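Below: one structure, written as structure tokens.
Quick note on labels: first sequence line is chain A, next is B, and so on, each numbered from 1. Note that the structure is predicted; figures quoted are calculated from it, not measured.
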2 protein chains.
Amino acid sequence: MPWRDDTGPPWWHGKFRGCGYRLTVSRQAILDVLSKITEHPSAEEIYLEVHKVYPAIGLTTVYRTLELLVQAGLIFKFDFGDGRARYELSEGPKSIGHHHHLVCIGCGRIIDYTDFIDEEIELLRKTKKGLSKKYNFKITNHLIQFHGLCGKCQ
Amino acid sequence: MPWRDDTGPPWWHGKFRGCGYRLTVSRQAILDVLSKITEHPSAEEIYLEVHKVYPAIGLTTVYRTLELLVQAGLIFKFDFGDGRARYELSEGPKSIGHHHHLVCIGCGRIIDYTDFIDEEIELLRKTKKGLSKKYNFKITNHLIQFHGLCGKCQ
DNA sequence: ATCTTATTGACAATGATTTCCATCTTCATT
DNA sequence: AATGAAGATGGAAATCATTGTCAATAAGAT
């Protein structure tokens, strides 16, 4: 289990209990994998990774858990146009921090960038505020992506 | 056909011939439907709409044509998280102009907004320039969406 | 009018995600 | 520590958007 070699339960422990969810082996294993992966794994990739350490896991459970984690705000779900959803931890000790994505339409490579993030966040904050008021919309999330060709694909 | 009651061929005629594509009945019908719809239709919705005026159309052709139009830059393809791609004319006489989307995660409603678009575009331009240089990335497109709950769903 | 070749449509195939349901865990309560 | 109710699980089957196949058709250059 994730915190066997640590001083206490992992940071998401409280999140779970707080939302009324049960802290199961599958969920811990999935979150554990997500917190160690730096890419943008699909459900199946997460399944395969979890399967290495917890072979009893089922793909269905992975899908269900990911859905749950998205609802709980612990992870983000992205569509990079390759026909499968991809996931990423939204925050946490090992998080690389808020970032957006550059998507290569040639090879599918994803580049996380944090450049200009401050200006982007600032503008998003303003826009979010204005839109919320004008359209009576409760904004919970935003998405910014740039699509194009990476160096290798040009 | 689209231009039967008009003075000349529709604006996309040249685009097609210029790219070496053939201007077929199916393609005209699909573009015609797209230029009249103000929502964000899925491939099947487009198929059903075209089918009313041109019953011989096949769903496969709709998918192929949409793919083609995306490549040609005539339409944009979006994923609003409901499991099917949605399409929208990128420009043209009846276009509402450049806009971004507000996606309700409750009922799936999409709101097109143009507020703050100028600031957004300006920031995107700067960001795009910086990212292109830093990552040697040729950016062809961007995506901005806000997700949340609309008035009815709160 | 003819010919070359892109395009089409019906059907089958694919593949990610969901549904079903009987069984197993979690954890609040004893 | 034992119990029990509700939540969670996993394997197989089902769903459903999208893509591949291929013989037949139509666009448009000649």
Side-chain angles (χ1 to χ4, degrees), chain A residues 1-2 9 12-31 33 40-48 50-72 74-75 77-87 108, chain B residues 1-3 9-10 12-31 40-48 50-72 75 77-87 108:
Chain A
M1 299 307 92
W12 63 70
H13 195 132
K15 275 264 185 188
F16 258 96
R17 307 296 302 285
C19 295
Y21 301 131
R22 291 186 178 171
L23 198 53
T24 67
V25 179
S26 300
R27 290 172 179 175
Q28 291 169 57
I30 290 169
L31 270 166
V33 161
H40 308 83
S42 65
E44 186 171 19
E45 286 165 354
I46 293 166
Y47 164 73
L48 290 172
V50 172
H51 188 268
K52 288 180 187 170
V53 69
Y54 180 50
I57 193 86
L59 182 53
T60 306
T61 298
V62 173
Y63 274 105
R64 270 188 304 234
T65 303
L66 291 172
E67 164 75 14
L68 185 79
L69 296 175
V70 168
Q71 298 304 329
L74 285 171
I75 65 176
K77 181 179 185 176
F78 292 100
D79 169 57
F80 295 133
D82 65 344
R84 67 192 64 187
R86 295 185 171 277
Y87 303 84
Chain B
M1 295 310 91
W3 66 87
W12 63 70
H13 195 131
K15 273 266 186 188
F16 259 96
R17 307 295 303 284
C19 294
Y21 300 132
R22 290 183 182 174
L23 198 52
T24 66
V25 179
S26 300
R27 289 172 181 174
Q28 291 170 55
I30 290 169
L31 269 166
H40 307 84
S42 65
E44 188 171 18
E45 286 164 355
I46 293 166
Y47 164 73
L48 290 173
V50 172
H51 190 268
K52 289 180 187 169
V53 70
Y54 179 50
I57 192 87
L59 181 55
T60 307
T61 298
V62 173
Y63 273 105
R64 270 188 303 231
T65 302
L66 291 171
E67 164 74 14
L68 186 79
L69 296 174
V70 168
Q71 298 304 328
I75 64 175
K77 180 179 185 178
F78 292 100
D79 169 58
F80 295 133
D82 64 345
R84 66 193 63 188
R86 296 184 172 275
Y87 303 85

What are the two closest non-hydrogen atoms of S42(B) and R84(B), and how far apart are they?
-> CB-CD, 3.5 Å
Name the nucleic acid region contacted by S26(A), choosing base, sugar-phosphate or nothing; use a 4.0 angstrom heavy-atom cut-off, strictly under.
-> sugar-phosphate
Please report the closest heavy-atom contact between Y87(B) and A43(B), naming both atoms and the distance.
-> CE1-N, 4.0 Å
Nearest heavy atoms of E44(B) and L59(B), plus distance in Å | CA-CD1, 4.3 Å
Rounding to a whole Å, what distance do you find between D79(A):CG and dA17(D):P?
-> 16 Å
Which residues within residues 40-47 of chain A lie with some heavy atom under 4.0 Å of an atom in DNA chain C?
-> none
Got a sec, which residues hit ring-ring contact (aromatic ring centres under 6.0 Å, His included) with Y47(B), two or more places apart in sequence or on another chain?
-> H51(B)
Where Y21(A) and A72(A) come nearest, the two heavy atoms and their spacing = CE1-CB, 4.1 Å
Residues forming a ring-ring contact (aromatic ring centres under 6.0 Å, His included) with F80(B), sequence neighbours excluded = H40(B), F78(B), H101(B)
Closest heavy-atom pair, I30(A) versus V62(A), reported as atoms and distance to 0.1 Å, is CD1-CA, 3.8 Å
Minimum side-chain heavy-atom gap K77(A)-L66(A) below 4.5 Å = no
Starting at the 5' end of nucleotides 19-30 of chain D, put B wherever the base has a protein heavy atom under 4.0 Å, S where only the sugar-phosphate does, and a dash everywhere else.
-> BBB----BBSS-
Give one of base, sugar-phosphate or nothing for Y54(B), where a contact means two heavy atoms less than 4.0 Å apart.
-> sugar-phosphate
Mind checking which nucleotides bracket the chain A contacts on DNA chain C, 5' to 3', with an atom under 4.0 Å from a heavy atom?
-> dA16(C) to dA28(C)
Spacing of R86(A) atom CZ and I75(A) atom CD1 [to the nearest 0.5 Å] = 13.5 Å
Results of salt bridge (Lys or Arg N to Asp or Glu O under 4.0 Å) for R27(A) - residues two or more places apart only | none
